[in-house]
Enquirer: 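One structure follows; several queries about it will come next.
Start at 1 and go down the list; that is how both ligands and their atoms are numbered. Residue indices begin at 1 and follow the sequence shown.
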Amino acid sequence: MTATASTPSEHFDAVIVGAGFAGMYMLHCLRKLGFSARVLEAGSDVGGTWYWNRYPGARCDIESLQYSYSFSEELDQEWEWTEKYAPQPEILAYANHVADRFDLRRDIRFDTRVTTLAFDEAAKRWNVETDTGERCSARFCIMAVGCLSAANHPRFEGFENYRGEVLHTGEWPHEPVDFSGKRVAIIGTGSSAIQSIPVIAGQAAALTVFQRTPNYAVPAWNAPLDPERVRAFKADYPGFRAKARSRPTGFYFPYNTRPALDSTPEERRRQYEESWARGGLPFLGAFGDLLFDKAANDTAAEFAREKIRERVDDAETAELLCPDNVFGCKRLCVDTGYYETYNRDHVRLVDVSERPIEGFTASGVVAHGVEYPADTVIFATGFAAMTGSFDRIRITGRNGLTLSEKWRAGPQNYLGLAVAGFPNFFTVTGPGSPSVLANMLPSIEQHVDWITDCMAHMRDIGAQTIDAQESHEADWVGHVADVASISLRSTCSSWYVGANIPGRPRVFMPYIGGFPVYVQKCNEVMAAGFEGFVLDARSPEPPRVRLTERWQTALDPDVLSPADIAAGRIPIV
Ligand code: N01
């Protein structure tokens with residue numbers, strides 16, 4: 001059956017959708033093994049998330065020395081990060097450097113959004129259509145579309161009447177935006193808002209923040225990188241990488257496995273102060289049970305609320321900024337001067353938790369019957385996470401089944417890598433893999449290496465198709481849900497469970513069982529000749545391990561005991 005009437009003009013071994021860190025590395029690996037590949041990218045340049053999210057204050061919340069590719073020792077040595085947490089322009093410059101250094105651009109089509117992917121059963125190929133009219137076909141289709149790429153644009157009454165400027169943090173303009181003298185309104189108080197609000201407040205004449213749910217934020221204490229620390233990393237980069245990979249998060253930081261309630265209140269406070277002084281996501285490593293035991297979590301939550309009350313002068317505003325949900329249940333935010341921004345006279349917080357924003361007028365935003373005039377409204381309203389980028393493409397697998405139908409009740413995905421009924425279709429950091437719960441760079445590299453080895457194995461044995469088995473897929477989806485249910489993280493309404501978008505099924509999408517545990521599972525599946533997959537040719541020989549060689553990761557015994565793994569209590573941040 002031919003699923004599309006269009007005639008492709010070019011034919012490749014693989015089409016890769018997206019030229020962020022995943023798409024770029026995928027292209028590099030396929031080329032190295034002699035596969036032909038075309039990358040299709042909606043943006044005008046490389047960088048993915050870091051191409052689109054260029055709002056003021058955007059920076060990574062994983063330290064720059066660890067948030068980078070590990071596949072090239074030369075790249076590690078030559079690239080110089082300047083700050084503890086890299087700002088967006090520097091990460092984008094790094095992406096551009098990688099594209100140039102490995103000569104990637106010649107196989108990337110920019111300004112080209114994929115609209116249709118259809119599997120042709122007779123030809124055993126994917127037919128690809130784009131918004132530029134370009135069509136091609138490929139044996140493999142690799143989705144490198146990012147986990148947080150489809151911006152969420154909530155609808156508001158009267159929005160079409162609004163005459164001011166409208167921006168979204170995830171689709172920020174490329175030309176500089178000057179807020180001087182402007183009245184700015186910002187909707188949302190997630191990571192993007194928490195990073196941008198202090199910077200925008202520094203320019204705007206007035207800033208109004210509409211908050212539906214307050215978030216916990218721990219200071220970044222960002223600073224120029226200490227040259228000694230850089231030297232130490234570079235002296236043994238592979239050693240640091242290996243250590244990081246053995247951690248549930250795929251990045252390294254001091255982790256205290258002791259339960260919070262085993263300590264006296266004084267010991268606990270000392271530990272929290274120490275972790276606070278270190279700052280950022282590692283704060284969640286203050287104790288080993290913060291995301292498993294609600295009573296333990298309450299102690300961290302109260303500590304964080306005390307910090308907010310210390311930082312915000314006006315008691316009423318401070319209380320509005322204090323979250324009452326599980327600490328770290330939503331992605332923990334990392335801030336620089338966020339709470340102090342509310343001490344500025346021209347910044348005000350509007351609580352829309354009980355009564356939502358009523359709508360827009362021609363000149364502003366209305367809440368509680370009051371119009372808040374705004375020259376610019378910024379949507380810091382996040383993303384249709386994990387599956388949103390798939391929803392934007394019509395993807396048809398075997399027997400006319402579309403991916404959106406298949407995923408109607410939540411994403412069904414084997415290992416977060418493949419979808420039964422969609423042969424030769426891979427999802428880099430797809431739902432069901434550690435992805436957003438781990439350092440994205442090693443998550444990407446491990447998937448890309450696995451996919452490349454899989455394709456090379458198929459070439460070795462003359463297989464044309466690989467398809468996940470439904471039974472294995474169902475078992476994996478069940479396992480992902482079981483592990484998630486052990487963590488307090490599954491208990492709140494976050495984008496991890498799709499709760500930020502009305503009408504989405506509530507399913508915990510990333511795999512919370514920890515990076516090294518997951519990597520071991522992928523290795524075992526491969527070693528067993530791609531267990532759980534149907535290949536149309538088989539070999540008695542085990543697959544040759546090429547790129548995945550470097551993912552024979554050990555588990556860090558300092559933070560992961562066999563008992564914890566068996567119980568699913570994986571200390572992830
Ligand atoms: O998005 P979010 P984000 N009316 O979904 C509010 C990564 N990231 O772009 O919580 C009013 O977290 C919504 O309210 P609620 C990181 O993983 C990383 O900030 O749904 N408000 C929420 O406050 C992060 O977690 C970095 O009640 C509405 C906000 O909009 C992820 O990206 C930096 C609303 C959305 O927050 C997403 O972060 C930035 C409505 N109708 C992002 N609809 C770093 O590396 C939504 N909201 C540091």
Enquirer: So, 4.0 Å and heavy atoms of F383: is ligand 1 close enough to count as a contact?
Expert: yes
Enquirer: If you count the atoms of ligand 1 from 1 in the order shown, which ones are under 4.0 Å from a heavy atom of G190?
Expert: 12 (O), 19 (O), 23 (O), 29 (C), 36 (O)
Enquirer: Please verify whether a non-hydrogen atom of Q211 lies at under 4.0 Å from ligand 1.
Expert: no
Enquirer: Just to confirm my output: which protein heavy-atom neighbour is closest to atom 3 (P) of ligand 1, and how far is it?
Expert: S192 OG, 3.4 Å
Enquirer: Is the Y85 to Y67 ring centre distance short of 6.0 Å?
Expert: no
Enquirer: If you measure from each non-hydrogen atom of F210 to ligand 1, which part falls under 4.0 Å: side chain, backbone, both or neither?
Expert: neither
Enquirer: May I ask you to identify the nearest protein heavy atom to atom 1 (O) of ligand 1, giving residue, atom name and distance to one decimal place in Å?
Expert: G382 CA, 3.1 Å
Enquirer: Got an N/O contact under 3.5 Å between S191 and ligand 1?
Expert: yes
Enquirer: Would you call the rings of Y255 and F253 parallel, tilted or perpendicular if under 30° counts as parallel and over 60° as perpendicular?
Expert: tilted
Enquirer: Below 4.0 angstrom from a heavy atom of T213, which ligand 1 atoms are there? Numbered from 1 as shown, please.
Expert: 10 (O), 15 (P), 27 (O)
Enquirer: Look only at interatomic distance and state if W495 has a nitrogen or oxygen under 3.5 Å from any nitrogen or oxygen of ligand 1.
Expert: yes
Enquirer: At a 4.0 Å threshold, what atoms of ligand 1 neighbour a non-hydrogen atom of G188?
Expert: 6 (C), 23 (O), 29 (C), 30 (O)
Enquirer: Checking side-chain contact (heavy atoms from CB on, under 4.5 Å) for the pair S68/W81: CA distance, chi angles, key distance, verdict?
Expert: CA-CA 10 Å; S68 49; W81 297 106; 4.0 Å; yes
Enquirer: Quick one, V377 with I187, criterion side-chain contact (heavy atoms from CB on, under 4.5 Å). Give me CA distance, side-chain angles, the key distance, then yes/no.
Expert: CA-CA 8 Å; V377 173; I187 300 173; 4.0 Å; yes
Enquirer: Testing E63, E83, K84 for side-chain hydrogen bond (donor to acceptor under 3.5 Å, both in side chains) with N222, which one passes?
Expert: E83
Enquirer: Looking at ligand 1, does any of its N/O atoms fall within less than 3.5 Å of an N/O of T169?
Expert: no
Enquirer: Does Y55, backbone or side chain, put an N or O under 3.5 Å from an N or O of ligand 1?
Expert: no
Enquirer: Decide whether an N or O pair under 3.5 Å exists between R212 and ligand 1.
Expert: yes
Enquirer: Among the heavy atoms of L148, does any lie under 4.0 Å from an atom of ligand 1?
Expert: yes
Enquirer: Out of all atoms in ligand 1, which are within 4.0 Å of some heavy atom of P154? Include the element for each.
Expert: 41 (N), 43 (N)
Enquirer: Determine whether the aromatic ring centres of residues W50 and Y94 are separated by less than 6.0 angstrom.
Expert: no
Enquirer: Heavy atom of F156 under 4.0 Å from ligand 1?
Expert: yes
Enquirer: Would you mind running through ligand 1 and noting each atom that sits below 4.0 Å from a heavy atom of C60?
Expert: 45 (O)
Enquirer: In the protein, which heavy atom is nearest to atom 48 (C) of ligand 1, and how far is it?
Expert: Q195 NE2, 2.9 Å
Enquirer: Locate the shortest heavy-atom distance separating W450 from C522; write the atom from each residue and the value.
Expert: NE1-O, 3.1 Å
Enquirer: Output, in order, the C-alpha distance, side-chain angles, deciding distance and verdict of ring-ring contact (aromatic ring centres under 6.0 Å, His included) for F156 and F210.
Expert: CA-CA 13 Å; F156 292 105; F210 293 91; 8.9 Å; no
Enquirer: Can we call the ring centroids of F283 and F327 under 6.0 Å apart?
Expert: yes
Enquirer: Looking only at side chains, do T336 and R59 share a donor and an acceptor under 3.5 Å apart?
Expert: no
Enquirer: Does any N/O atom on T189 come nearer than 3.5 Å to any N/O atom on ligand 1?
Expert: yes
Enquirer: Which atoms of ligand 1 are found less than 4.0 Å from any heavy atom of R59?
Expert: 44 (C), 45 (O), 48 (C)
Enquirer: I want to know whether Y518 and H447 have ring centres closer than 6.0 Å.
Expert: yes
Enquirer: For R245 and S70, test the side chains for any donor-to-acceptor distance below 3.5 angstrom and give the result as yes or no.
Expert: yes
Enquirer: Does A380 reach ligand 1 with a nitrogen or oxygen that is under 3.5 Å from one of the ligand's nitrogen or oxygen atoms?
Expert: yes
Enquirer: So which protein heavy atom does atom 10 (O) of ligand 1 come closest to, and at what separation?
Expert: K330 NZ, 2.6 Å
Enquirer: Determine which pairs satisfy side chain to side chain donor-acceptor pair (under 3.5 Å) with at least one residue from residues 200-219, sequence neighbours left out, and list them in order.
Expert: T208-R348, Y216-R305
Enquirer: Closer than 4.0 Å to some heavy atom of I187 - which atoms of ligand 1 meet that?
Expert: 11 (C), 21 (N)
Enquirer: What's the spacing between R309 CZ and E319 CD if we round to 0.5 Å?
Expert: 4.5 Å
